[in-house]
Protein chains: 2
Amino acid sequence: MNIKEQLESPPSELTPADRKLVRVLLNNFPTSGLKTIAQLAKDAGVSDPSVLRFIKKIGFSRYSDFQSALVKQLDERLKSPLLMHSKSGGIDDDPWQHTAESTMDAVAGSEPLVIKQDIEQLVEWLSEKNKKVICFGGRFSGFLAGYLHAHLQILRPNTKCITSSLELSDTLLDLKPGDIFIQFDYRRYQQSAAVAVEMAHRKKAKVVLFTDIYDSPLRNKVDLTISSLVDTSSPFDTLVPAMVQVEALVASLTDTLGDSVKDRLMEVDDMRELLGTHYFSNNQQEQ
Amino acid sequence: MNIKEQLESPPSELTPADRKLVRVLLNNFPTSGLKTIAQLAKDAGVSDPSVLRFIKKIGFSRYSDFQSALVKQLDERLKSPLLMHSKSGGIDDDPWQHTAESTMDAVAGSEPLVIKQDIEQLVEWLSEKNKKVICFGGRFSGFLAGYLHAHLQILRPNTKCITSSLELSDTLLDLKPGDIFIQFDYRRYQQSAAVAVEMAHRKKAKVVLFTDIYDSPLRNKVDLTISSLVDTSSPFDTLVPAMVQVEALVASLTDTLGDSVKDRLMEVDDMRELLGTHYFSNNQQEQ
DNA sequence: TGTGATATGTATGTTTTATTACATAAAATT
DNA sequence: AATTTTATGTAATAAAACATACATATCACA
């Protein structure tokens, strides 16, 4: 229920003090309601208890309840412009179109979640070619881990992507302090992720987590988090924003590595030429 | 001065605790900053004083100053709803930003390349659960093949993803007329793709090709092509538009399959519950 | 491996803030 | 005009929130 409406159509008669309060609250709604009782009372020219009584009259038992409701509504209002996609054009019950559009929204919405400093930090870590880099992910996000790894492999030595549980334990055992462990873990969080992160953390590796929300239970075992939205209109979550981040990361790293990587790229091309384009890597994905 | 910018480009280096706070604050900006110090500290997983120190670092002498600034900015933003509160122009030599943006362009540019009839056709084919579906891709695009397969596997039986050359030949031999062979092949086309498509075509399978816009030599052996752009500012190509297509395809298929798939999704969830969340599939990616 | 510097948390003091109880003022009613 | 009813403010209090000092832990570097 809209608080503005609650203010405008109260359940019972308003007293003069109430009316003063309504005027103040409505006159730059809703931020005026974020103040303290004392401030609000002063602005309206009434006493503190009058504020309390009014708040109770419109249906909140505590002042803080009123404020939280206000903030919640504020949040929705701030988020709506993004979520309101393509109100122009006809009805789209076309799931393809619909999914594609809401995926774009997710990408746009994920952009502000990225913290420049985090990226810089991560790129710096990844530039240290003598440190190992391990990529690992879940059922779906595992492909992103592989995708990142496929790029990293070209840019630097000492990278690995974990694709089986045996490999996981072996690799974790070998981790040295300062190595980088990159974990992908999105909604429907997987226990293997928690275990891996915990172990990597114990080994004093730098743990990087690509995930969808910040409040992952892994939070305090993780040195750096890169988060993205996963919600779409589809029954499945989207990993497109995450993939954008992976590609952007690769671009940043390439940029930082500079010319040294050009040579390596050449070499890779030459070698592919020699080996023919038909080889498969050990057990992961093919060339 | 914009507080968001202040958060993103602090005057001095950020400590780990600072970064946690930045993330939380940015995550639900700006309402997350309206909380009390204690709540904010708890959300970020740091202590109260860390919050205070951070607030001082970004230029506020008291916490309440920070909050007032936040509210003030909030007010402005609410008064000018669509005044583009995203990034403030500026030079764009940041490769991350640059790549992300040009990737979005690629996605937008790929949209008109999709032909609705093709999608409908493909969805129809994939709805035939008695036909086999084989996914296959290249060095990078192989992950997309895997990603598609991981979804298809949930939606229907008889799906397979090829991850090694042995598997490739065996699987191709077993193809029956009417089976569906989905090939991903993007710039730096790979010979394995040509061979596979040729074979699948001879076996009278339906060959679907996900590729980029340039005419692939495979075009005439292929029954259906879904193309996307791969160019970005990054030295590497992007597969993001292709991934959007894969997800949109999955959404369309889910929509078409309707309720029958709901039950299957339930079953999958139940089974995951029973098996625990820690198993790995044979050699591909883990659960 | 030890040492200085930095970062972070714990404990604590001080101020605000919300809330209640009660007294006073205003209004309505007879 | 007196009395009841309603509205409002004052003052007290308990809870919480902010802020600080200090101790501990962590990190960087020699």
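Naming convention: chains lettered A, B, ... in sequence-line order (proteins, then strands); numbering from 1 in each chain.
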K.L.:
Please walk me through it: do A:L239 and A:Y186 pass side-chain contact (heavy atoms from CB on, under 4.5 Å)?
P.N.:
CA-CA 9 Å; A:L239 285 183; A:Y186 296 86; 3.7 Å; yes
K.L.:
With A:F184, which residues qualify under ring pair (Phe, Tyr, Trp, His ring centres under 6.0 Å), at least two apart?
P.N.:
A:F210
K.L.:
Which residues pass the side-chain contact (heavy atoms from CB on, under 4.5 Å) test with A:Q67, not counting sequence neighbours?
P.N.:
A:Y63
K.L.:
Kindly write out the residues that satisfy side-chain contact (heavy atoms from CB on, under 4.5 Å) with B:L25, not counting sequence neighbours, or none if the list is empty.
P.N.:
B:L7, B:S32, B:L40, B:F54, B:F66
K.L.:
Under the side-chain hydrogen bond (donor to acceptor under 3.5 Å, both in side chains) definition, can you give me all pairs with a residue in residues 172-182 of chain A, not counting sequence neighbours?
P.N.:
none
K.L.:
According to salt bridge (Lys or Arg N to Asp or Glu O under 4.0 Å), who are the partners of B:D105, at least two apart in sequence or on a separate chain?
P.N.:
none
K.L.:
Just jot down the salt bridge (Lys or Arg N to Asp or Glu O under 4.0 Å) partners of A:D231, sequence neighbours excluded, or say none.
P.N.:
A:R187
K.L.:
To the nearest angstrom, how far is A:L21 atom CG from D:dA7 atom P?
P.N.:
14 Å
K.L.:
Pairs under 3.5 angstrom, nitrogen or oxygen only, protein versus nucleotides 17-21 of chain D, please.
P.N.:
unit_1 : atom_1 : unit_2 : atom_2 : d
D:dC18 : OP2    : B:I37  : N      : 2.7
D:dA19 : OP2    : B:Y63  : N      : 3.1
D:dT20 : OP2    : B:K56  : NZ     : 2.7

K.L.:
Of all nucleotides in DNA chain C with an atom under 4.0 Å from a non-hydrogen atom of chain B, which is the first and which the last going 5' to 3'?
P.N.:
C:dA7 to C:dT10
K.L.:
Could you tell me which residues satisfy salt bridge (Lys or Arg N to Asp or Glu O under 4.0 Å) with A:D255, sequence neighbours excluded, listed by chain and number?
P.N.:
none
